[in-house]
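No hydrogens, no waters, no symmetry mates; every other heavy atom, side chains included, goes into these values. A note on names: the letters A, B, ... follow the listed sequences, proteins ahead of strands, and every chain is numbered from 1.
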Number of protein chains: 2
Amino acid sequence: MKTQLQNYFNRHISLTEAQFEEVYSCFEIKTYQKKDLLLREGEVCQHKYFIIDGLIRSYYIDDKGTEKITQFAIENWWVTNTESFALQRPSNINLQAVEETTVLRIKKDDLDVLLVEIPALEKFFRIVAENMVIAIQRRYGFYMKMNSKIRYEHFVEWIPDFAQRVPLYMIASYLDITPEYLSQLRKG
Amino acid sequence: MKTQLQNYFNRHISLTEAQFEEVYSCFEIKTYQKKDLLLREGEVCQHKYFIIDGLIRSYYIDDKGTEKITQFAIENWWVTNTESFALQRPSNINLQAVEETTVLRIKKDDLDVLLVEIPALEKFFRIVAENMVIAIQRRYGFYMKMNSKIRYEHFVEWIPDFAQRVPLYMIASYLDITPEYLSQLRKG
DNA sequence: CTGATTTCTTAAGATATCTTAAGAACTTTT
DNA sequence: AAAAGTTCTTAAGATATCTTAAGAAATCAG
């Protein structure tokens, strides 16, 4: 748990043992049951979450009442609603545990203090944010370029693990395909 | 020019006059003519650009030979290909001046040095990166939710300036609509 | 001012994907 | 093991958007 977070920090910056202790003391361990919400549409997002184990999805309900999944996140990923967290505005998405999920979470206020006390963290979160930009651009770039069938094949190939852990209709939603049409695609 | 950059830094962090001078000395002024490329597909992106004046687009050529625009950037925006710049990989997009455009640009190597010397810059670029995440998510979130007609109307309403400065077929490309279909939409 | 290039429009037929509705196959709970 | 809930499939008709091809309008270069 502790080591898992420490390893992640060490990927990008070096913290002294004391610094890491200070950082770690600001995190809280939480376990969510399947279907529990970490963040509800309309609330202001107060936490950044580091996933120790499990699977989180980010989704909203569209005007027709259909769930639209915008992101999945698994072990060793950071998750939050950046817009709501950074600007302290009401969230337009829900964060929900797809499986039983354990996270380390940190409050915005605590993080703000830490960033001042340990400037190396600025670098860390700059890199995390840049990686997020890269990931999102790759995702949508691919999405825009490819048709439904290729999107699905790519998804299964790329993260075969997901195809196991997530029901098909959620993959469909993430890929912006109706489950019915995905069914057709899988046939032929 | 100098002030414009300084103002932008001051939005998020405070630099002493001396620090700003050091920062500024790493930037180079460049003017690109209409259609000049700042970055070519396949090259590794070596610069971050701060636009003083003008308009830059980011685009690639798809398998059918059609230009697909992924981003526009104007005065006071930062632009680069984050993936290529951060990971020093070949770029999958072109950056091109849509109008005559003046930028302040900084080399990756120089920026890396600056970030070490002036840690406050880490915070600055963390915030810039977070804002980019927010902007991209808003953009694609909206894109996914809305149909072509609403995307177009929103675009014109949101940045009316653009509708003047950018040919219609580029707006179509950015909104992922064929120019022919956009023509139909504008009629009825 | 004229020819060349770039940008925009029209219209008809083609296609990817959605919608609706229903039932089958699983999975979890009792 | 029955009931209840969740997930997946099938198929037919509907629709948003694309493709192709052509010409009109506007802008740029000589």
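Considering only the side chain of A/Tyr181, C/dT17 comes nearest among C/dT17, C/dT9, D/dT7. Between C/dT9, D/dC18, D/dC8, one nucleotide has an atom nearer to the side chain of B/Ile177 than all others, and that is D/dC18. Checking C/dC8, C/dA11, D/dC28 against every side-chain atom of B/Lys34, the shortest atom distance belongs to D/dC28.
In this structure, A/Glu180 atom CD and D/dG13 atom P are separated by 17 Å, rounded to whole Å. Here the P atom of nucleotide D/dA11 and the CZ atom of A/Arg186 are 16 Å apart, to the nearest Å. We find that CG of A/Leu168 is positioned 13 Å from P of C/dT27, with the value rounded to whole Å. Rounding to whole angstrom units, CG of residue A/Asp176 and C1' of D/dA16 are separated by 14 Å. The distance from atom CG of B/Leu182 to atom P of C/dT9 is 8 Å, rounded to the nearest whole Å. Atom pair B/Ile69:CD1 and C/dT7:P shows a separation of 11 Å (rounding to whole Å applied).
The phosphate of D/dC18 has OP1 or OP2 within less than 4.0 Å of a side-chain N or O from B/Thr178. Listed pair A/Tyr169 / D/dT7 meets the phosphate criterion, a side-chain N or O lying under 4.0 Å from OP1 or OP2. Put simply, A/Lys187 has a side-chain N or O that comes within less than 4.0 Å of OP1 or OP2 on D/dA11. Residue B/Lys64 places no side-chain N or O under 4.0 Å from the OP1 or OP2 atom of D/dC18.
Between the two ends of the helix from C/dC1-D/dG30 to C/dT30-D/dA1, each summarised by a five-pair axis, the helix axis turns through 50° (rounded to 10 degrees).
Linking Ile, Leu, Val, Met, Phe, Trp and Tyr whenever their side-chain heavy atoms come within less than 4.5 Å puts B/Ile52 and B/Phe27 in one cluster.
In summary, the side chains of A/Arg139 and B/Tyr140 do not present any donor paired with an acceptor at a separation below 3.5 Å, with no hydrogens or angles considered. Side chain to side chain, A/Ser91 and A/Asn81 meet the donor-acceptor criterion of an N or O pair below 3.5 Å. B/Asp176 and B/Tyr143 share a donor-acceptor pair across their side chains, judged by distance under 3.5 Å alone.
When all heavy atoms of B/Leu55 and B/Phe72 are compared, the pair lying nearest together is CD2-CD2, 3.9 Å. Across all their heavy atoms, B/Ile56 and B/Val98 have their closest contact at C-CG2, 4.3 Å.
For the contact set between residues 141-160 of chain B and DNA chain D, defined by any heavy atom under 4.0 Å, the members are B/Asn147, B/Ser148.
A ring-centre distance under 6.0 Å is not found for A/Tyr59 and A/Tyr174.
A/Thr80 places a side-chain N or O within 3.5 Å of a backbone atom of A/His47 that can act as its donor or acceptor partner.
For A/Gln184 and D/dA11, a side-chain-to-base donor-acceptor distance below 3.5 Å is present, hydrogens and geometry of angles not being considered.
Applying the ring pair (Phe, Tyr, Trp, His ring centres under 6.0 Å) test between B/Phe50 and each of B/Phe124, B/Tyr8, B/Tyr24, B/Phe125 identifies B/Tyr8 as the sole match.
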